Amino acid sequence: MKTNQNNDIGMYIHIPFCQGKCGYCDFFSVSPGSPRQIDDYINGLAAEIQQRALSYTEKNIATIYFGGGTPSLITGTGIEKILKAVFKYYSVKPGVEITLEANPATLSREQVCQYCGAGINRFSIGVQSFNPAELKVLVRKHQPKHVYQTVDILQAQNISNYNLDLIYGIPGQTIHGFAANLQKALDLKPVHISIYLLQLDPVTPLAQSIQRKEVAMLSEDTEWEMYTRGQQVLNSSGLNHYEISNFSQANYECQHNLIYWQGREYIGLGAGAVSFQGHMRYRNKPSINGYLNSLKTGDRATEVLEVMDDAGLVSDAIILGLRLCQGINLNEFLRRYGVDILATYPQAVEHSIKQGLLELENGWLRLTKEAYFISNEVLYRFMA
């Protein structure tokens with residue numbers, strides 16, 4: 001099998017510290033301990049960055065993404081130390097996109113200046129909602145006023161490249177309420193907006209509240225109407241719908257997430273971070289102490305999440321690629337994987353086209369707009 005992988009890869013750096021667990025979050029996160037613990041973790045990241053560099057000597061780091069947790073709980077000095085290690089031990093592309101996730105109310109003017117001085121050139125703000133009642137359901141720590149304060153700080157520093165995350169399908173949310181959230185987000189002039197359907201792992205506190213019938217999920221029809229309204233509002237604002245859940249101005253697409261959707265490799269650093277290399281996805285075990293101890297002993301504490309054969313790798317690439325609104329270029333896919341999608345998956349393609357869920361145009365295979373909300377009904381047909 002020929003994969004013809006692009007040598008450009010993404011780098012994800014996990015900052016697990018968080019002031020409190022949101023009701024819907026299933027990512028690895030812990031309350032920040034002493035300043036010493038945070039310093040130890042930063043030192044651990046610098047060590048892992050150096051240790052793993054030998055496995056990526058022929059790769060170029062095209063994007064760097066600080067996720068969490070709440071990366072904005074780390075000082076600018078800490079972020080600078082991490083990035084200095086990355087630039088020292090890896091080949092980093094000029095103009096690399098470096099994103100830092102931040103929760104409202106955790107960013108100060110001084111912090112933003114320090115982050116930008118360290119190399120951060122894109123911010124992703126976890127707004128989720130402008131409605132205090134909805135924020136309470138999600139167990140978010142901020143209030144709507146903190147979003148405005150955060151954006152004011154970014155704009156005062158002439159930072160235009162920022163994303164606002166919103167969630168729809170929150171228990172108690174109305175279609176009108178979600179539309180109001182969208183308009184408030186647009187009023188803040190972001191170059192990028194993400195809208196995500198609330199989906200819950202059974203272990204999350206909110207899922208358990210629903211199981212106890214303390215709150216109720218919305219109907220699928222209501223969630224569909226919210227998503228449709230979101231498409232209409234954001235498209236009419238001039239933002240380009242480039243991935244099922246993501247909208248941006250031209251040239252402001254999230255380059256890091258594009259690496260995921262294009263099926264390219266990425267390295268995950270930090271406790272709980274996931275890497276994709278070759279045919280395998282694996283992650284560092286989600287434990288601060290376990291992570292730090294493994295770096296000292298040289299015995300990396302990792303766990304394999306998925307090992308794919310050739311058919312599985314192709315299936316994975318199709319499922320990810322169809323999330324992009326432009327779809328998959330069939331000739332490029334053939335060159336990269338040596339697989340003709342139309343010949344290999346004739347029934348899946350033909351059936352989906354007849355149902356109005358896929359369309360084939362000028363060598364591109366893509367979901368129809370009507371299929372975006374129910375994309376899983378199409379994507380499962382390509383599973384190996």
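Numbering starts at 1 and runs along the sequence shown. Computation of the quantities below employed the complete heavy-atom set of this structure, encompassing side-chain atoms and omitting hydrogens, waters and symmetry-equivalent molecules. These figures come from a predicted structure and were not determined experimentally.
A donor atom on one side chain and an acceptor atom on the other are not found under 3.5 Å apart for Gln19 and Asn103. Side-chain contact of Asn240 with Ser248: a donor-acceptor pair under 3.5 Å is absent, judged by distance alone. Tyr24 and Arg140 form a side-chain donor-acceptor contact under 3.5 Å, judged by distance and modelled atom types alone. A donor-acceptor contact closer than 3.5 angstrom links the side chains of Tyr282 and Gln277. Gln128 and Tyr196 share no donor-acceptor pair across their side chains, judged by distance under 3.5 Å alone.
Tyr242 and Tyr252 have their aromatic ring centers separated by at least 6.0 angstrom. The aromatic ring centres of Tyr345 and Phe382 sit less than 6.0 Å apart. Aromatic rings from Tyr291 and Tyr41 are positioned such that their centres are separated by under 6.0 Å.
Panel note: side chain Ser375, backbone Ala371; no donor-acceptor pair is recorded below 3.5 Å. A donor-acceptor pair under 3.5 Å links the side-chain atoms of Gln255 to the main chain of Glu253, judged by distance alone.
Using a 4.5 Å heavy-atom cutoff, the side chains of Cys22 and Leu138 are not in contact.
A salt bridge is defined here as a Lys NZ or Arg NE, NH1 or NH2 lying under 4.0 Å from an Asp or Glu carboxylate O, and Glu243 with Arg323 meets this definition.
Closest non-hydrogen pair, Gly20 versus Lys141, comes out as CA-CE, 3.7 Å. Shortest non-hydrogen contact noted between Leu342 and Asp340 is N-OD1, 3.0 Å. The two residues Leu135 and Ser129 come nearest to each other via the heavy atoms CD2-O, 3.5 Å. Closest approach of Ser31 to Phe17, counting heavy atoms only: O-CD2, 4.4 Å.
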Step-by-step side-chain contact (heavy atoms from CB on, under 4.5 Å) determination, Glu101 to Tyr65: CA-CA 8 Å; Glu101 287 184 345; Tyr65 193 102; 2.8 Å; yes
Working for ring pair (Phe, Tyr, Trp, His ring centres under 6.0 Å), residues Phe178 and Tyr227: CA-CA 9 Å; Phe178 179 58; Tyr227 180 74; 9.1 Å; no
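For the pairing with His192, the side-chain hydrogen bond (donor to acceptor under 3.5 Å, both in side chains) check across Asp165, Asn163, Asn161 returns one residue only, Asn163. Applying the side-chain contact (heavy atoms from CB on, under 4.5 Å) test between Leu188 and each of Ile125, Thr150, Leu164 identifies Leu164 as the sole match.
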